[in-house]
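The next block holds one structure in the form of C-alpha coordinates; read it before the comments.
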Amino acid sequence: MYNAVDVASYIVGRCANLGRPVTNLQLQKILYYVQLNFLRTYDKCIFEDDILAMRHGPAVKEVYYKYNIWGRNEIVPRAVQSAKETFLEKDRELIDRVTDACLLLDPWELVERSQKAGGPWHRSFDGNLDKVIPKELMKKYAKDH
(Lines give C-alpha, C1' and ligand atoms only; values in the text may rest on other atoms or scores of the structure.)
Protein backbone atom coordinates (compact mmCIF):
# COMPACT_ATOMS: atom_id res chain seq x y z
CA MET A 1 0.00 0.00 0.00
CA TYR A 2 1.13 3.51 -0.76
CA ASN A 3 0.34 6.94 0.63
CA ALA A 4 -1.85 9.41 -1.21
CA VAL A 5 0.86 12.08 -1.52
CA ASP A 6 3.13 9.64 -3.40
CA VAL A 7 0.30 8.56 -5.70
CA ALA A 8 -0.59 12.21 -6.31
CA SER A 9 3.04 13.17 -7.03
CA TYR A 10 3.25 10.39 -9.59
CA ILE A 11 -0.01 11.47 -11.27
CA VAL A 12 1.06 15.13 -11.36
CA GLY A 13 4.42 14.23 -12.91
CA ARG A 14 2.97 11.83 -15.43
CA CYS A 15 0.31 14.30 -16.54
CA ALA A 16 2.92 17.04 -16.94
CA ASN A 17 5.10 14.68 -19.00
CA LEU A 18 2.11 13.93 -21.24
CA GLY A 19 1.62 17.66 -21.80
CA ARG A 20 -1.69 17.49 -19.89
CA PRO A 21 -0.93 19.11 -16.51
CA VAL A 22 -3.73 18.87 -13.96
CA THR A 23 -5.18 21.25 -11.42
CA ASN A 24 -5.64 20.38 -7.76
CA LEU A 25 -9.36 19.96 -8.46
CA GLN A 26 -8.67 17.38 -11.18
CA LEU A 27 -6.03 15.65 -9.11
CA GLN A 28 -8.44 15.14 -6.22
CA LYS A 29 -11.04 13.52 -8.48
CA ILE A 30 -8.41 11.31 -10.14
CA LEU A 31 -7.28 10.10 -6.70
CA TYR A 32 -10.91 9.33 -5.81
CA TYR A 33 -11.37 7.27 -8.97
CA VAL A 34 -8.03 5.53 -8.53
CA GLN A 35 -9.13 4.49 -5.04
CA LEU A 36 -12.53 3.26 -6.31
CA ASN A 37 -10.88 1.27 -9.08
CA PHE A 38 -8.41 -0.37 -6.69
CA LEU A 39 -11.30 -1.32 -4.44
CA ARG A 40 -13.21 -2.74 -7.42
CA THR A 41 -10.24 -4.54 -8.98
CA TYR A 42 -8.20 -5.73 -5.98
CA ASP A 43 -10.67 -5.38 -3.10
CA LYS A 44 -8.16 -3.17 -1.29
CA CYS A 45 -7.23 0.49 -1.02
CA ILE A 46 -4.24 1.86 -2.88
CA PHE A 47 -3.74 4.31 0.02
CA GLU A 48 -5.07 4.45 3.58
CA ASP A 49 -5.39 8.26 3.69
CA ASP A 50 -8.97 9.36 4.22
CA ILE A 51 -10.93 10.90 1.38
CA LEU A 52 -13.08 13.76 2.61
CA ALA A 53 -16.47 14.86 1.28
CA MET A 54 -15.69 18.49 0.49
CA ARG A 55 -17.78 21.11 -1.30
CA HIS A 56 -16.26 20.47 -4.74
CA GLY A 57 -16.22 16.72 -4.32
CA PRO A 58 -13.91 14.13 -2.79
CA ALA A 59 -10.49 15.31 -1.62
CA VAL A 60 -7.50 13.98 0.31
CA LYS A 61 -6.58 16.65 2.85
CA GLU A 62 -2.80 16.12 2.78
CA VAL A 63 -2.72 16.22 -1.02
CA TYR A 64 -5.06 19.19 -1.17
CA TYR A 65 -2.82 21.26 1.10
CA LYS A 66 0.33 20.19 -0.72
CA TYR A 67 -0.99 21.54 -4.02
CA ASN A 68 -3.41 24.32 -3.01
CA ILE A 69 -0.65 26.89 -3.58
CA TRP A 70 -1.41 26.46 -7.29
CA GLY A 71 -5.00 27.63 -6.79
CA ARG A 72 -7.00 26.98 -9.96
CA ASN A 73 -3.87 26.79 -12.08
CA GLU A 74 -2.23 23.69 -13.48
CA ILE A 75 0.32 22.09 -11.17
CA VAL A 76 3.91 22.21 -12.37
CA PRO A 77 5.96 19.50 -10.67
CA ARG A 78 9.45 20.25 -9.39
CA ALA A 79 10.66 16.72 -10.03
CA VAL A 80 8.98 13.73 -11.56
CA GLN A 81 8.74 10.65 -9.38
CA SER A 82 9.81 7.40 -11.01
CA ALA A 83 6.96 4.90 -10.95
CA LYS A 84 9.31 1.98 -11.43
CA GLU A 85 10.90 2.62 -8.06
CA THR A 86 7.69 3.32 -6.19
CA PHE A 87 4.82 1.30 -7.64
CA LEU A 88 4.30 -2.30 -8.65
CA GLU A 89 3.78 -2.51 -12.40
CA LYS A 90 0.16 -3.69 -12.12
CA ASP A 91 -0.60 -0.82 -9.72
CA ARG A 92 1.04 1.77 -11.98
CA GLU A 93 -0.89 0.43 -14.98
CA LEU A 94 -4.21 0.82 -13.15
CA ILE A 95 -3.28 4.33 -11.95
CA ASP A 96 -2.38 5.23 -15.55
CA ARG A 97 -5.63 3.81 -17.00
CA VAL A 98 -7.78 5.69 -14.51
CA THR A 99 -5.79 8.90 -14.97
CA ASP A 100 -6.05 8.68 -18.77
CA ALA A 101 -9.82 8.17 -18.57
CA CYS A 102 -10.20 11.14 -16.23
CA LEU A 103 -8.11 13.37 -18.51
CA LEU A 104 -10.69 12.85 -21.26
CA LEU A 105 -13.30 14.67 -19.17
CA ASP A 106 -13.74 18.35 -18.45
CA PRO A 107 -12.69 19.08 -14.83
CA TRP A 108 -16.19 20.17 -13.85
CA GLU A 109 -17.67 17.03 -15.40
CA LEU A 110 -15.30 15.08 -13.12
CA VAL A 111 -16.68 17.05 -10.18
CA GLU A 112 -20.26 16.36 -11.24
CA ARG A 113 -19.62 12.63 -11.69
CA SER A 114 -17.84 12.36 -8.34
CA GLN A 115 -20.91 13.91 -6.70
CA LYS A 116 -23.38 11.54 -8.35
CA ALA A 117 -26.60 11.04 -6.39
CA GLY A 118 -26.36 7.90 -4.28
CA GLY A 119 -22.57 7.76 -4.64
CA PRO A 120 -20.10 7.79 -1.72
CA TRP A 121 -19.55 11.57 -1.79
CA HIS A 122 -23.28 12.30 -2.03
CA ARG A 123 -24.06 9.94 0.86
CA SER A 124 -21.29 11.48 3.01
CA PHE A 125 -21.38 15.23 2.33
CA ASP A 126 -23.26 17.26 4.92
CA GLY A 127 -21.48 20.59 4.70
CA ASN A 128 -18.83 19.55 7.24
CA LEU A 129 -15.55 19.88 5.36
CA ASP A 130 -13.84 17.24 7.49
CA LYS A 131 -16.43 14.52 6.92
CA VAL A 132 -14.67 11.32 5.90
CA ILE A 133 -16.13 9.20 3.12
CA PRO A 134 -16.10 5.73 4.74
CA LYS A 135 -13.89 3.23 2.93
CA GLU A 136 -16.53 0.53 3.37
CA LEU A 137 -19.07 2.76 1.61
CA MET A 138 -16.59 3.30 -1.24
CA LYS A 139 -15.88 -0.45 -1.40
CA LYS A 140 -19.56 -1.34 -1.64
CA TYR A 141 -20.17 1.32 -4.28
CA ALA A 142 -17.14 0.18 -6.31
CA LYS A 143 -18.33 -3.43 -6.27
CA ASP A 144 -21.91 -2.50 -7.21
CA HIS A 145 -21.07 -0.13 -10.08
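Computed from a predicted structure; not experimentally measured.
When all heavy atoms of Gln28 and Ala59 are compared, the closest pair comes out as OE1-CA, 3.0 Å. Nearest approach of Arg40 to Ala142, heavy atoms of both residues: NE-O, 3.0 Å. Here the shortest heavy-atom pairing between Asn24 and Ile75 reads N-CD1, 3.7 Å. The nearest pair of heavy atoms linking Met1 to Glu48 is SD-CG, 3.0 Å. The minimum heavy-atom distance linking Pro120 with Met138 is given by the pair CB-CG, 3.9 Å. Between Thr86 and Tyr2, the shortest heavy-atom contact is O-CE2, 3.2 Å.
Taking 4.0 Å as the cut-off between side-chain N and carboxylate O, Glu109 and Arg113 count as a salt-bridged pair. Salt bridge status for Asp144 with Lys139: absent, with no side-chain N to carboxylate O gap under 4.0 Å. A salt bridge links Arg14 to Asp96: one of the charged nitrogens lies within less than 4.0 Å of a carboxylate oxygen.
Counted within 6.0 Å of OH on Tyr65, heavy atoms from surrounding residues, nucleotides or ligands total 12 or fewer; the atom is thus considered open. Within a 6.0 Å sphere centred on CD1 of Ile69, other residues, nucleotides and ligands contribute 12 heavy atoms or fewer. Annotation for Lys143: atom NZ counts as buried by contact number, over 12 foreign heavy atoms lying within 6.0 Å.
Under the rule for a side chain to side chain donor-acceptor pair (under 3.5 Å), Glu112 has no partner lying at least two apart in sequence or in another chain. In this view, Tyr64 satisfies the ring-ring contact (aromatic ring centres under 6.0 Å, His included) rule with no residue, not counting sequence neighbours. Shown here are the side-chain contact (heavy atoms from CB on, under 4.5 Å) partners of Trp108, two or more places apart in sequence or in another chain: Leu25, His56, Asp106, Val111.
Looking at Asn37 and Tyr42, their side chains never bring a donor and an acceptor atom within 3.5 Å of each other.
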TODO: Given side-chain contact (heavy atoms from CB on, under 4.5 Å), test Ser124 with Val132 step by step and report yes or no.
DONE: CA-CA 7 Å; Ser124 302; Val132 173; over 6 Å; no
Open item on the list: Using the rule given for side-chain contact (heavy atoms from CB on, under 4.5 Å), can you reason through Val12 versus Tyr67, listing the C-alpha separation, both sets of side-chain angles and the distance that settles it, and then say yes or no?
Closed with: CA-CA 10 Å; Val12 166; Tyr67 293 106; 4.0 Å; yes
TODO: Take Asp43 and Leu39 through the side-chain contact (heavy atoms from CB on, under 4.5 Å) test and state the conclusion after the steps.
DONE: CA-CA 4 Å; Asp43 199 34; Leu39 288 166; 5.8 Å; no
Task: Stepwise side-chain contact (heavy atoms from CB on, under 4.5 Å) test for Tyr32 and Val60 - done: CA-CA 8 Å; Tyr32 173 70; Val60 178; over 6 Å; no
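Of the possible donor and acceptor atoms, none in the side chain of Glu62 sits under 3.5 Å from a partner among the backbone N and O of Ala4. With hydrogens and angles ignored, the 3.5 Å screen pairs a side-chain donor or acceptor of Asn3 with a backbone N or O of Val5. Within the 3.5 Å criterion, the main-chain N or O of Ile133 finds no donor-acceptor partner in the side chain of Arg123.
With contacts defined as side-chain heavy-atom distances shorter than 4.5 Å, the pair Lys66/Ser9 qualifies. The side-chain heavy atoms of Trp70 and Thr23, taken from C-beta on, include no pair separated by under 4.5 Å. In this structure, the side chains of Pro58 and Lys29 come closer than 4.5 Å at one or more pairs of heavy atoms. Residues Thr99 and Cys15 meet the side-chain proximity criterion, which asks for heavy atoms closer than 4.5 Å. For the pair Lys135 and Cys45, the minimum side-chain heavy-atom distance is below 4.5 Å.
A chain of hydrophobic side-chain contacts below 4.5 Å, direct or via other Ile, Leu, Val, Met, Phe, Trp or Tyr residues, connects Val76 to Leu103. Hydrophobic clustering (side-chain heavy atoms under 4.5 Å, transitive across Ile, Leu, Val, Met, Phe, Trp, Tyr) keeps Leu137 apart from Phe38.
For the atom pair SG (Cys102) and CD1 (Ile11), the distance works out to 8.5 Å, reported to the nearest 0.5 Å. Atom CG of Leu52 and atom CG of Asp50 lie 6.5 Å apart (nearest 0.5 Å). Atom-to-atom distance recorded for Leu31:CG and Ile46:CD1 is 9.0 Å, nearest 0.5 angstrom. Here the CG atom belonging to Leu94 is positioned 5.0 Å from the OG1 atom belonging to Thr41, to the nearest 0.5 angstrom.
Taking the ring axis of Tyr141 as reference, the NZ or CZ atom of Lys116 does not stay both within 45° of it and closer than 6.0 Å to the ring centre.
Ring geometry for Phe125 versus Trp121: interplanar angle under 30°, hence parallel rather than tilted (30 to 60°).
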